[in-house]
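Since the structure comes first, as structure tokens, the remarks are kept for the end.
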Amino acid sequence: WLTFVVVGGGPTGVEMAGQIGELALDTLRRDFRNVDPRSARILLVEAADRVLTTFPPSLSAKAERSLRRLGVTVLTGRTVVGIDDGGVMLADGDGTTERVASRVVIWAAGVTASSLAGRLGELAGAERDRAGRVTVEPDLTLPGRAEVYAVGDMVRVRDATGQARLLPGVAPVAMQQGRHVAGVIRARLADRPHHPFHYRDKGNLATIGRAAAVADIHGLKLSGFLAWTTWLLVHLWYLIGFQNRVLVLIRWSVSFLTH
């Protein structure tokens with residue numbers, strides 16, 4: 001019951017494993033009489049050769065060191081080939097398998113697209129990939145259906161060369177696509193030309209634990225407390241309303257200072 005397996009070494013998996021480690025080592029260590037949370041075994045499984053593959057290798061290495069300090073065992077080069085109610089089956093590069101007993105398996109290795117994407121692709125005759133994502137035109141409309149838009153992690157976007165590009169399945173992509181669709185609709189209503197969608201990557205952030213994070217912002221590489229502070233400020237900025245930002249900042253500050 002105290003073995004946790006987190007599948008996927010992207011930002012979601014790294015953050016989840018780090019939070020479980022922090023809970024086990026610190027937050028819950030005095031809350032149980034007969035159970036020692038510090039004895040928890042936390043495994044982070046990643047098929048690639050490092051965690052956070054969208055970050056520079058130096059930041060991936062720092063993130064892995066931070067995870068190990070939190071008691072997380074990082075297993076790279078391992079693929080999950082089976083999951084049941086008693087654990088997971090792992091396979092490495094040479095086909096050797098290993099079973100890990102666990103009652104808690106957290107999937108953070110991506111998801112298939114909504115069934116709506118498959119239905120839209122079927123009706124419009126659009127291409128779909130293995131994950132069920134439908135391919136849309138550069139203006140985010142379905143092929144041959146200029147009145148139907150699709151955005152978010154259910155789509156791939158065709159670029160100017162005709163190639164379908166897969167964008168990161170993160171909130172900023174969907175937010176930018178939503179704004180773009182609104183602009184296209186306004187332009188069409190006003191009989192004005194509109195431009196194809198272009199994703200503006202503002203950088204990558206991943207938090208690992210208390211005062212531990214990594215950030216890659218247009219070549220600027222940050223780690224540790226500075227990256228963690230950057231992560232907090234970015235999340236505060238995207239909250240709706242000044243009052244919400246102030247309240248969250250006060251709560252975070254109290255929690256940090258009194259912990």
Side-chain angles (χ1 to χ4, degrees), residues 1-55 59-92 98-111 168-171 204-215 222-225 227-232 234-235 248 251-252 254-259:
W1 289 100
L2 287 179
T3 298
F4 301 85
V5 180
V6 180
V7 184
T12 300
V14 167
E15 293 179 12
M16 178 62 71
Q19 291 303 307
I20 295 174
E22 200 167 65
L23 285 170
L25 288 180
D26 185 31
T27 309
L28 299 178
R29 70 181 188 276
R30 298 187 183 92
D31 289 1
F32 301 93
R33 293 181 179 178
N34 300 317
V35 177
D36 184 4
R38 291 172 296 182
S39 65
R41 184 187 181 199
I42 307 160
L43 305 179
L44 177 61
V45 182
E46 169 56 43
D49 59 353
R50 60 187 177 93
V51 298
L52 298 178
T53 55
T54 59
F55 287 71
L59 292 181
S60 295
K62 290 180 179 179
E64 185 169 337
R65 288 196 295 270
S66 295
L67 287 169
R68 294 188 188 281
R69 284 195 293 269
L70 290 170
V72 178
T73 301
V74 180
L75 302 177
T76 55
R78 310 286 183 91
T79 304
V80 174
V81 295
I83 302 177
D84 56 37
D85 58 359
V88 298
M89 186 71 71
L90 307 179
D92 57 20
E98 173 191 3
R99 180 171 175 80
V100 177
S102 174
R103 293 288 186 176
V104 182
V105 180
I106 302 170
W107 187 266
V111 296
V170 293
N204 291 319
L205 292 164
T207 181
I208 303 159
R210 181 181 174 85
V214 290
L222 305 174
S223 62
F225 181 79
W228 183 71
T229 304
T230 303
W231 181 88
L232 294 178
V234 168
H235 282 72
V248 171
R251 289 171 181 169
W252 281 353
V254 172
S255 176
F256 182 78
L257 294 173
T258 60
H259 181 69

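Just so it is clear, the model here is predicted, and its values are computed rather than measured.
From Leu67, atom CG reaches atom CG of Leu52 across 8.0 Å, with rounding to the nearest 0.5 Å. The line from CG of Leu44 to CD1 of Ile106 is 10.5 Å long, rounded to the nearest 0.5 Å. With values rounded to the nearest 0.5 angstrom, Leu59 atom CG is found 9.5 Å from Asn204 atom CG. Annotation: the span from Thr230 atom OG1 to Leu222 atom CG amounts to 5.0 Å, rounded to 0.5 Å.
When all heavy atoms of Phe55 and Ser60 are compared, the pair lying nearest together is O-OG, 4.0 Å. Residues Ala91 and Val81 come closest through the heavy atom pair CB-CG1, 3.8 Å. Between Ala227 and Ala213, the shortest heavy-atom contact is CB-O, 3.4 Å. Scanning all heavy atoms of the two residues, the minimum distance from Thr12 to Ala108 falls at CG2-CB, 4.0 Å.
The salt bridge (charged side-chain N to carboxylate O under 4.0 Å, His left out) contacts involving residues 43-52 comprise nothing, where partners must be two or more places apart or lie in separate chains. For residues 79-91, the pairs satisfying salt bridge (charged side-chain N to carboxylate O under 4.0 Å, His left out) are Asp84-Arg99, with sequence neighbours left out. The side-chain hydrogen bond (donor to acceptor under 3.5 Å, both in side chains) analysis of residues 72-82, with sequence neighbours excluded, yields the pairs Arg78-Glu98.
In this structure a side-chain-to-backbone donor-acceptor pair under 3.5 Å is missing from Thr3 to Arg41. Between the side chain of Ser66 and the backbone N or O of Lys62 there is at least one donor-acceptor pair closer than 3.5 Å.
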Next item on the list: Check the pair Ser39, Leu2 against side-chain contact (heavy atoms from CB on, under 4.5 Å), reporting the backbone distance first and the verdict last.
Entry: CA-CA 7 Å; Ser39 65; Leu2 287 179; 3.6 Å; yes
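For the pair Trp252/His235, a side-chain contact is recorded, criterion being any heavy-atom separation below 4.5 Å from C-beta on.
Checked against ring-ring contact (aromatic ring centres under 6.0 Å, His included), Trp228 has the following partners two or more places apart in sequence or in another chain: Phe225, Phe256. For Arg68, the side-chain hydrogen bond (donor to acceptor under 3.5 Å, both in side chains) partners at least two apart in sequence or on another chain are Glu64.
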Please tabulate, for side-chain N and O atoms in residues 14-23, each donor-acceptor pair with protein atoms closer than 3.5 Å (sequence neighbours left out).
{"unit_1": "Glu15", "atom_1": "OE2", "unit_2": "Thr207", "atom_2": "N", "d": "3.3"}
{"unit_1": "Glu22", "atom_1": "OE2", "unit_2": "Arg210", "atom_2": "N", "d": "2.5"}

